[in-house]
Protein chains: 2
Amino acid sequence: MKNFTMQEIISETGLTADTLRYYEKEGMISGIHRKPNGHRVYTNSDLEWLKFAICLRKTGMSVKNIKEYRKLMDEGDKTISIRKEMLKNQREKILEEIEVLKEGINRLDFKLEYYQSIESNL
Amino acid sequence: MKNFTMQEIISETGLTADTLRYYEKEGMISGIHRKPNGHRVYTNSDLEWLKFAICLRKTGMSVKNIKEYRKLMDEGDKTISIRKEMLKNQREKILEEIEVLKEGINRLDFKLEYYQSIESNL
DNA sequence: TATTGACCTAGAGCAGACTCCAACCTTTAA
DNA sequence: TTAAAGGTTGGAGTCTGCTCTAGGTCAATA
């Protein structure tokens with residue numbers, strides 16, 4: 001199992017060192033090992049989790065919620081059904097958000113057509 | 001042309017009075033008339049603009065940007081091409097955001113299937 | 001040996017978008 | 001005439017999610 005340095009995680013994820021440490025401080029990431037000199041050592045599964053967490057952030061889940069989900073993961077299989085609920089919930093929210101965005105596109109298209117018609121008449 | 005009170009605008013838009021005043025203070029809404037007692041009076045076109053502005057907010061445009069767009073509107077037809085650019089730009093951003101969300105859905109579905117397979121084996 | 005580079009910590013600061021507060025003013029209804 | 005309803009203002013406070021600063025450690029290189 002490969003280990004990763006801060007730099008490697010930064011280039012793998014696109015996060016900054018500050019954000020990475022912030023996420024850890026907030027409990028969104030946990031159980032990161034250290035070298036004797038105190039530097040963080042990320043494992044493969046840390047990276048996998050991070051990527052998933054980033055995906056959740058991008059879909060609008062709050063840091064607090066992701067931390068909650070992570071905590072449940074750490075509690076083992078008995079929390080699977082709760083976690084499933086959380087993800088289903090998030091899935092619904094994303095679908096709703098997509099609808100809002102599509103509605104936005106429609107409105108913009110309408111406006112853009114209107115502008116088009118004005119410009120053709122100048 | 002019908003006029004609207006604060007209450008009516010609140011129920012038409014779903015915004016709070018505070019948010020409405022905040023938007024005005026920030027310049028996202030402008031030219032709102034007043035009754036002799038100082039109360040705001042919103043016109044039909046104020047309401048129309050508000051609804052459009054809210055739509056822009058929902059698709060992620062910042063208050064600052066919407067204010068900028070509004071300012072251009074107030075400057076008349078000569079700014080139409082800039083406004084068109086702004087809207088096209090926003091349209092692109094929304095499409096990108098939709099892609100991110102769809103990608104998120106896919107990941108969630110994958111995770112959910114995994115949980116499903118675990119639960120079937122208990 | 002001195003400096004550079006990659007980290008570390010605690011804690012302060014910041015931007016954005018509200019949200020709340022205190023004090024005040026009218027108009028209407030009891 | 002007093003109270004309630006429906007506003008007004010300026011400014012402070014809150015929450016989220018970073019982002020930055022200052023000062024320090026350690027290992028490797030010039």
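One finds a salt bridge joining A/E119 and B/K84 here, because a Lys/Arg side-chain nitrogen approaches an Asp/Glu carboxylate oxygen to under 4.0 Å.
Using cut-offs of 30° and 60° on the angle between ring planes, the pair B/Y69 and B/W49 is parallel.
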Dump the pairs, protein N or O against N or O of nucleotides 22-27 of chain D, anything under 3.5 Å, distances to one decimal.
none

With 3.5 Å as the limit, what N/O pairs link the protein to nucleotides 9-14 of chain D?
unit_1: D/dT9; atom_1: OP1; unit_2: B/R34; atom_2: NH1; d: 3.2
unit_1: D/dT9; atom_1: OP1; unit_2: B/R34; atom_2: NH2; d: 3.0
unit_1: D/dT9; atom_1: OP2; unit_2: B/R40; atom_2: NH1; d: 3.1
unit_1: D/dT9; atom_1: OP2; unit_2: B/R40; atom_2: NH2; d: 2.9

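A/L95 and B/L108 fall within a single hydrophobic cluster, where Ile, Leu, Val, Met, Phe, Trp and Tyr side chains are chained together by heavy-atom contacts under 4.5 Å.
The salt bridge (charged side-chain N to carboxylate O under 4.0 Å, His left out) search around A/E12 returns A/K51, not counting sequence neighbours. For A/S81, there are no side chain to side chain donor-acceptor pair (under 3.5 Å) partners two or more places apart in sequence or in a different chain. Evaluation of the side chain to side chain donor-acceptor pair (under 3.5 Å) rule for B/T13 yields no partner, not counting sequence neighbours. Scanning for salt bridge (charged side-chain N to carboxylate O under 4.0 Å, His left out) contacts around A/R40 gives A/E24, with sequence neighbours left out. Under the rule for a side chain to side chain donor-acceptor pair (under 3.5 Å), B/D18 has no partner lying at least two apart in sequence or in another chain.
Distance CG (B/L15) to C1' (C/dA17): 12 Å, rounded to an integer number of Å. Regarding A/Y22, its OH atom lies at a distance of 22 Å from the P atom of C/dC7, rounded to whole Å. Whole-Å rounding puts the B/K67 NZ to C/dA17 C1' distance at 14 Å. For the pair B/I10 CD1 and C/dT19 P, the computed distance is 13 Å after rounding to whole Å. Regarding B/H33, its NE2 atom lies at a distance of 18 Å from the C1' atom of D/dG7, rounded to whole Å. Rounded to an integer number of Å, the gap from CG of B/L20 to C1' of D/dG6 is 14 Å.
Looking only at distances, a side-chain donor or acceptor of B/R57 sits under 3.5 Å from a matching main-chain atom of B/M61. A side-chain donor-acceptor contact under 3.5 Å links A/S120 to the backbone of A/Q116. Put simply, the side chain of B/Q90 gets close to the backbone of B/T59: a donor and an acceptor are under 3.5 Å apart. Between the side chain of B/T79 and the backbone N or O of B/I82 there is no donor-acceptor pair closer than 3.5 Å. The closest donor-acceptor contact from the side chain of B/D46 to the backbone of B/T43 lies under 3.5 Å.
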Show which side-chain atoms of residues 29-37 of chain B pair as donor or acceptor with protein atoms under 3.5 Å away, not counting sequence neighbours.
unit_1: B/S30; atom_1: OG; unit_2: B/D74; atom_2: OD2; d: 3.1
unit_1: B/R34; atom_1: NH1; unit_2: B/G38; atom_2: O; d: 2.8
unit_1: B/N37; atom_1: OD1; unit_2: B/H39; atom_2: N; d: 2.9

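Applying the side-chain hydrogen bond (donor to acceptor under 3.5 Å, both in side chains) test to pairs two or more places apart or on separate chains, none has a residue in residues 93-105 of chain B.
Between A/Y23 and D/dC18 there is a side-chain polar atom (N or O) within less than 4.0 angstrom of OP1 or OP2. An OP1 or OP2 oxygen of C/dC7 is reached within less than 4.0 angstrom by a side-chain nitrogen or oxygen of A/Q7.
Near DNA chain D, meaning a heavy atom under 4.0 Å away, the residues from residues 44-66 of chain A are A/R57, A/S62, A/V63. Of the residues in residues 85-100 of chain A, not one comes within less than 4.0 Å of DNA chain D through any heavy atom.
Among the atoms of the strands shown, none is found under 4.0 Å from any heavy atom of B/E26.
In this structure, B/K2 forms a cation-pi arrangement with B/F4, its terminal cationic atom sitting closer than 6.0 Å to the ring centre and no more than 45° off the ring axis.
From one end of the helix from C/dT1-D/dA30 to C/dA30-D/dT1 to the other, with five pairs defining each end axis, the axis direction shifts by 20° (rounded to 10°).
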